[in-house]
A.B. asks: 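Below: one structure in structure tokens.
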Amino acid sequence: MDIVKKIRNLAKEKDAIILAHNYTRPEIQDIADFVGDSLELSRTASKLSSRIIVFCGVHFMAETAYILSPDKMVLLPDIHAGCPMADMISAAQLRELKKEHPGAKVVCYVNSSAEVKAESDICCTSANAVDIVNRLDSEEIIFVPDKYLGSYVSKVTGKKLILWDGYCPVHAMIKPEDILKLKNFHPDARVVVHPECPPEVIDLADAVKSTSGMLKYVKETDAEEFIIGTETGIIYRMEKENPGKKFYPVRQDFICADMKRLTLEKVLSSLEEEKHKVVVPEDIRLRALSSIERMLM
Ligand code: 13P
Ligand code: SF4
């Protein structure tokens, strides 16, 4: 029996649902029950009734699924699939920052640990960060850990944010020249970038969107060609859902090595051996849950 059949049979037998992020390998997206961005995956995880969730994404995403569904077994097929940006701030560092700004409300990007979420007032994803910050009426707002998403949100909302020096090493690689070079070859292409990109890259974009926001934009927009400023894994879904349209990655090496750790072999052994279970201590889970629930309200 081929590996895809084995995974699907085992998922059925064990009452498991497979969730995958838009950046995962094509074959992972193809075996998943649901593929989406961080916000969609959180919402889906909160509503599932299966016994097991196999999370094909990075650690903070599986952790978020567990925080929302502690009665389920949440499995991360590769326990080393992390997010370097999420590791750029610890709960202790955030507590220090809060001491310096005692009146500030804290917004944490979902790309953060459960401990950091537990120290925050409200969580956000790239899809809703602008709305979440707009919703807050505090004079002072701390935004962690992504300084680029934070500066984009600050620009759009007109609110001054206290930023942390975190960033995604993959998105930080893009330079404005990369986009300008491609624009020379494809002058009619729309430029769509993720808000984790540096500000000088965002300034060149026609649209700034979460990964699923990008998928919606390229489907609904009349243009035939798009320059895509995010991890190249997304191009697979774009091409599949939009035959005839052309998608150019800003860089061929725009790859999140952590997302690519998820392979079919690891998904199969994760299901067979029910590994690697992601759990969060209950006191931290409950505090992190409050900040995630405020976001989902
Ligand atoms: P999205 O929520 O837009 O899918 O982004 C997640 C992420 O990690 C981007 O690097
Ligand atoms: Fe983290 Fe960047 Fe990978 Fe997204 S692309 S999971 S922010 S390292």
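Every number for a ligand or one of its atoms is a count from 1 in the order of the listing. Along the sequence shown, residues carry numbers from 1.
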A.B. asks: Look at atom 10 (O) of ligand 1 and find which of M259, E196, H21 reaches it with the closest heavy atom.
C.D. replies: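 The nearest heavy atom belongs to E196.
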A.B. asks: Do L76 and I18 share a hydrophobic cluster, counting only Ile, Leu, Val, Met, Phe, Trp and Tyr and linking them when any side-chain heavy atoms are less than 4.5 Å apart?
C.D. replies: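 Hydrophobic grouping puts L76 apart from I18.
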A.B. asks: Quick test of your reading: applying salt bridge (charged side-chain N to carboxylate O under 4.0 Å, His left out), list the pairs with at least one residue in residues 125-152, sequence neighbours left out, ordered by first then second residue.
C.D. replies: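 Of all non-adjacent pairs touching residues 125-152, those that pass salt bridge (charged side-chain N to carboxylate O under 4.0 Å, His left out) are K147-D165.
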A.B. asks: Return the option from D258, T211, L215, N128 holding the heavy atom at the smallest distance from atom 4 (O) of ligand 1.
C.D. replies: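 Heavy atom nearest to atom 4 (O) of ligand 1 belongs to T211.
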A.B. asks: How far is atom 2 (O) of ligand 1 from the closest protein heavy atom, and which atom is that?
C.D. replies: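 Checking every protein heavy atom, the shortest distance to atom 2 (O) of ligand 1 gives S38 OG, 2.8 Å.
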A.B. asks: Need the ligand 1 atom indices (1-based, order shown) with element for anything under 4.0 Å from a heavy-atom of S210.
C.D. replies: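 Every atom of ligand 1 under 4.0 Å from some heavy atom of S210: 3 (O).
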A.B. asks: Please indicate whether K14 has more than 12 foreign heavy atoms, meaning atoms of other residues, nucleotides or ligands, lying under 6.0 Å from its NZ.
C.D. replies: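 More than 12 heavy atoms, drawn from other residues, nucleotides or ligands, come within 6.0 Å of this atom.
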A.B. asks: Considering non-hydrogen atoms of the protein only, which is the closest contact for atom 5 (O) of ligand 1, and what is the distance?
C.D. replies: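 The answer is H194 NE2, 3.3 Å.
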A.B. asks: What's the shortest heavy-atom distance between P169 and M173, and which atoms?
C.D. replies: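 P169 and M173 have their closest heavy atoms at O-CG, 3.4 Å.
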A.B. asks: Which protein atoms of type N, O or S are found under 2.8 Å from atom 3 (Fe) of ligand 2?
C.D. replies: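 N, O, S partners closer than 2.8 Å: C256 SG.
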A.B. asks: With a 4.0 Å heavy-atom cut-off (strictly under), which part of T125 contacts ligand 1: side chain, backbone, both or neither?
C.D. replies: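 Answer for T125: neither.
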A.B. asks: Picking from K275, R261, R25, what satisfies salt bridge (Lys or Arg N to Asp or Glu O under 4.0 Å) with D78?
C.D. replies: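 So, applying the salt bridge (Lys or Arg N to Asp or Glu O under 4.0 Å) to D78 and each of K275, R261, R25, only R261 qualifies.
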A.B. asks: Using links of under 4.5 Å between side-chain heavy atoms of ILVMFWY residues, direct or through other members, which residues join Y148 in one cluster?
C.D. replies: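 Other cluster members: M88, Y167.
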A.B. asks: Under 4.0 Å from a heavy atom of Y23: give me the atoms of ligand 1 that qualify, with their elements.
C.D. replies: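 Going through ligand 1 atom by atom, the ones under 4.0 Å from Y23 are 7 (C), 9 (C), 10 (O).
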A.B. asks: For residues H194 and S126, report the shortest heavy-atom separation together with the two atoms involved.
C.D. replies: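 Closest pair (atom of H194, atom of S126, distance): NE2-OG, 3.4 Å.
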A.B. asks: At the 4.0 Å heavy-atom cut-off, does N111 count as touching ligand 1?
C.D. replies: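 In this structure, N111 qualifies as a contact of ligand 1 - some heavy atom is under 4.0 Å.
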A.B. asks: With sequence neighbours excluded, give me every ring pair (Phe, Tyr, Trp, His ring centres under 6.0 Å) pair touching residues 63-113.
C.D. replies: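 Output for this query is empty, none listed.
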A.B. asks: Tell me whether K260 is salt-bridged to E231, with the criterion being a basic N under 4.0 Å from an acidic carboxylate O.
C.D. replies: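 Counted as a salt bridge, because a side-chain N and a carboxylate O are separated by less than 4.0 Å.
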A.B. asks: Looking at non-hydrogen atoms alone, which of S126, A129, C197 comes nearest to atom 3 (O) of ligand 1?
C.D. replies: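 Minimum heavy-atom distance to atom 3 (O) of ligand 1 goes to S126.
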A.B. asks: Please say whether more than 12 non-hydrogen atoms of neighbouring residues, nucleotides or ligands are located less than 6.0 Å from CD in E273.
C.D. replies: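 Counting other residues, nucleotides and ligands, CD of E273 exceeds 12 neighbours.
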A.B. asks: With a 4.0 Å cut-off on heavy atoms, is H171 touching ligand 1?
C.D. replies: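 The answer is yes, since H171 has a heavy atom less than 4.0 Å from ligand 1.
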A.B. asks: Please confirm whether H21 and F55 have ring centers closer than 6.0 angstrom.
C.D. replies: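 Distance test on ring centres: not under 6.0 Å, no.
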A.B. asks: Any atoms of ligand 1 less than 4.0 Å from a non-hydrogen atom of D37? List them with their elements.
C.D. replies: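 Heavy-atom distances to D37 below 4.0 Å select 1 (P), 2 (O), 4 (O).
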